[in-house]
Structure formats: C-alpha cells, structure tokens
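Reading through the structure tokens given below for one structure.
Note that the structure is predicted; figures quoted are calculated from it, not measured.
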Amino acid sequence: MNGFVNVVKELPPEISSKEPHRVDCSKRKGQFDYIESVLPFLLKYHYVSITPAVSQRRDRYPKYAKAALCQACYRALKLTESLEKKANKLLEAIPKPFLSLHLRFEPDMVAYSQCQYSGLSPTSMKALEAARGDDRKPWTGEAARIWRNRGKCPLTPNETAFILQALSIPTNTNIYLAAGDGLMEIEGLTSIYSNVVTKSALLSGEDFETMHGNTKAALDYCVSINSDSYMATYFGNMDKMVAAMRAFKGLYKTLFLSRRAFAEFTSRGLEGKPLMEALWKAHKDDFIKGRGSALSDCFCEFKL
C-alpha cells in the first residue's frame, strides 16, 4: 500500500488510549458500502474497528482502489521464515534453468474425477480403488466419453509427456515435479524426460518424512513462482495462485495444458504426429503469450 496510504505499526498515544468506534461490516448488513457506511465514522472518530466484509460491493470501487487491494494482497503474501529457508534450500538444489510442472495424477485426484483409465499398473489400480471407495465410482459408457471430452479427466504422466513433446520441449529439460504424495504412473514421464527432480530426492529424508502436506504444497508454490517456466495439467487453486503471482512478478512463461483438447483429439482417433500437430495448434496462442490465464480482475499491470 506504500504510496497510496500511510501504514503504521503503532498508533499515536492520543488515539491508542481510546476505545475504537466499532462499525459492523458483516455480510448480514446486505447492501453494504465502505464509503457510505465506514468513511463518515472514520472522519468523525479517527479510530474505528471494523468487522471485515472482504469484497463487499467491490464492483463500486474505482479502478485505483481495486488495484491497491489486489497489489497489497499479493505483496503481503509471504511464507513463514522457516518455510522460506526450506524453499530457498530447495531452489538452490534444483538444476538451472528449470521448468516447474504441476502434475495431478494422485489416487485421490483421479478418484475424485470419476474417470476411467486403461493400462494402469496393478499398483496404481489398487491405490485408485482404495481412494474411490463406494461413492466415487467412475462413469461408464457414453457418460464417460462425454465427461472426458469436457476436459474433466486428469492427464496421465504419459499424456503430459506427449503434450510437452508436441510443444517441442526438449527431453533433456530440467523439470521440477510439483506434485502431491503417491503420484501414479510417473514412469510415463520420466521414461521420456530424464532430468526430473522431486522434493523427496532433493530434501533430506528426515525433513521430508516429517513434513505436513500443506508445507509441501507451500514449497511447491514457492518453487513454481520462481521457476524459469511453469506448466500445469490442472486449473485448481494452486495453479491460479501461481499463475497470478507470476503475472504480478512479470514472469510470463506460464501455461496450462488442455485436458479438453487432448480428449477431443484422441476421441477423433488422432495419434502420433497428427495428434502432436493438433495439440500444438490448440496451445499455440497461450504458449506464445505465456500469461497462464492470470485472474482477469487483478490489475497486475495497473501502476499506482
């Protein structure tokens, strides 16, 4: 917020000695607006305590206020000191330059998608069946085809490697694998792209084994926003955050691989070189632009 509002760590004594005037900004107030409901009290009492309303009536904010809100949030987002040290240690260990690849093919992710896959190893099938339980049975028949063609099915590591080749990504590229525990069928990627590194290989065993899942995700996030390029096989919250932060930092080598395009082309019977050419055309504009579909309302390029 520097340059827009003055931010202090401590209030002046003449203000801090008083109780703040409380202003309720909760959503139950309905049609709420800061300028109408908070500013008059702030001007009168100079010291108010508000119940946050987050993004209430943000459509009425002027553009500079939207930009200030967005940029303040992105600038404020930091890892804890201990996490940052781990992330820096991890970044130093990764061979440079490198591509961070967020690959989603964990058992729970595939089970959640309710997609069918043929040719999976017995180990993968066992893990997948355990994750599915009774309420995540896969679609079958025509419903399964429609579901897949809508882009609902995660790309396998082998399919991911095929798309990377279609985009002319050299097979000796250094790839950091940003992925959850228990990634299935990883050989489909590593058999083609040999320089793939993981957290478990780069961090000491003791560190990795005692690390919480959210901590691992935070490390993946930090590595991904600082990578030379970033690709993702999904468009979840992690991917949106990474893409937006990379756009905010001016790092535009960002791309989301299209599950829908792959499903549509393979359902038409395309394979080999024709499939590669079709996939290149499908990704060409996003690949060249490299913006990664950063959130359209973040105003990252708006200068205060």
Side-chain angles (χ1 to χ4, degrees), residues 86-87 90-91 93-95 98-133 136 138 148 151-165 167 169 171 173-225 227 229-243 255-259 262-263:
K86 271 192 171 66
L90 189 54
L91 273 168
I94 300 172
F98 73 98
L99 158 69
S100 180
L101 176 64
H102 191 207
L103 181 56
R104 299 302 311 271
F105 205 69
E106 304 90 349
D108 59 340
M109 177 66 184
V110 178
Y112 180 79
S113 73
Q114 295 182 267
C115 294
Q116 283 188 326
Y117 292 88
S118 60
L120 297 184
S121 69
T123 303
S124 295
M125 285 303 302
K126 184 178 179 180
L128 185 52
E129 288 303 319
R132 277 178 174 154
R136 288 293 179 190
R148 180 172 291 277
K152 298 296 185 179
C153 297
L155 292 168
T156 68
N158 183 265
E159 292 168 345
T160 301
F162 189 90
I163 299 177
L164 294 183
Q165 287 179 291
L167 298 174
I169 305 299
T171 55
T173 299
N174 294 317
I175 297 177
Y176 171 79
L177 195 59
D181 296 333
L183 190 66
M184 301 187 298
E185 306 291 309
I186 186 58
E187 296 80 9
L189 174 70
T190 56
S191 62
I192 299 171
Y193 286 87
S194 55
N195 296 334
V196 176
V197 295
T198 61
K199 294 184 292 297
S200 59
L202 296 173
L203 296 172
S204 68
E206 184 180 347
D207 270 357
F208 187 78
E209 289 168 10
T210 58
M211 201 177 290
H212 191 274
N214 287 342
T215 302
K216 295 175 185 177
L219 294 181
D220 284 340
Y221 165 80
C222 186
V223 169
S224 295
I225 65 172
S227 61
S229 52
Y230 176 77
M231 289 189 183
T233 63
Y234 199 65
F235 192 54
N237 290 333
M238 160 87 166
D239 308 297
K240 293 172 185 176
M241 279 299 303
V242 170
L255 180 69
F256 296 112
L257 305 186
S258 176
R259 292 165 292 161
F262 188 88

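For Ser191 (side chain) and Glu187 (main-chain N/O), a donor-acceptor pair under 3.5 Å exists by modelled atom type.
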Output a table of donor-acceptor pairs, distance under 3.5 Å, between side-chain atoms of residues 121-130 and any protein atom two or more places apart or on a different chain; print 'none' if there are none.
{"from": "Ser121", "atom 1": "OG", "to": "Ser124", "atom 2": "N", "distance (Å)": "3.2"}
{"from": "Ser121", "atom 1": "OG", "to": "Ser124", "atom 2": "OG", "distance (Å)": "3.1"}
{"from": "Ser121", "atom 1": "OG", "to": "Glu185", "atom 2": "OE2", "distance (Å)": "3.0"}
{"from": "Ser124", "atom 1": "OG", "to": "Glu185", "atom 2": "OE2", "distance (Å)": "2.5"}
{"from": "Glu129", "atom 1": "OE2", "to": "Arg132", "atom 2": "NH1", "distance (Å)": "3.3"}

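To the nearest 0.5 Å, atom CZ of residue Phe162 and atom CG of residue Leu155 are 12.0 Å apart. Note that CZ of Phe256 and CZ of Phe235 are 5.0 Å apart. Values are rounded to the nearest 0.5 Å. Rounding to the nearest 0.5 Å places CE of Met211 at 7.5 Å from NZ of Lys216. The structure places OG1 of Thr190 at 10.0 Å from CD1 of Ile175, a figure rounded to the nearest 0.5 Å. Within the model, atoms NZ of Lys86 and SG of Cys222 stand 13.0 Å from one another, a figure rounded to the nearest 0.5 Å.
Geometrically, Arg148 engages Tyr117 in a cation-pi contact, judged by NZ or CZ lying under 6.0 Å from the ring centre and within 45° of the ring axis.
Between His102 and Asp239, some side-chain heavy-atom pair lies under the 4.5 Å cut-off. Residues Met184 and Glu106 fail the side-chain proximity criterion, which asks for heavy atoms closer than 4.5 Å. Residues Leu257 and Phe262 have side chains not in contact (no heavy-atom distance under 4.5 Å, counting atoms from C-beta outward). At least one side-chain heavy atom of Leu202 sits under 4.5 Å from a side-chain heavy atom of Ile94. Side-chain atoms of Asn174 and Leu99, non-hydrogen and from C-beta on, never get closer than 4.5 Å to each other. A heavy-atom distance below 4.5 Å is found between the side chains of Leu167 and Leu255. Met231 has its side chain out of reach of Thr160: every pair of non-hydrogen atoms, C-beta onward, lies at least 4.5 Å apart. The closest side-chain heavy-atom distance from Leu203 to Leu219 is below 4.5 Å.
Ser227 and Ser100 form no side-chain donor-acceptor contact under 3.5 Å, judged by distance and modelled atom types alone.
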Item to check | Working for side chain to side chain contact (heavy atoms under 4.5 Å, CB included), residues Glu159 and Ile163 | outcome: CA-CA 6 Å; Glu159 292 168 345; Ile163 299 177; 5.5 Å; no
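For residues 192-201, every residue pair satisfying the side chain to side chain donor-acceptor pair (under 3.5 Å) rule, not counting sequence neighbours, is listed here: Thr198-Ser200, Lys199-Asp220. Under the salt bridge (charged side-chain N to carboxylate O under 4.0 Å, His left out) criterion, no residue pair touches residues 108-123, with sequence neighbours excluded.
Minimum heavy-atom separation, Arg259 to Pro154: CD-CA, 4.1 Å. Taking both residues in full, the closest heavy atoms of Leu164 and Leu189 are given as CD1-CD1, 4.4 Å, listed atom of the first, atom of the second, then distance.
For Tyr234 and Phe105, the ring centers are positioned 6.0 Å apart or more.
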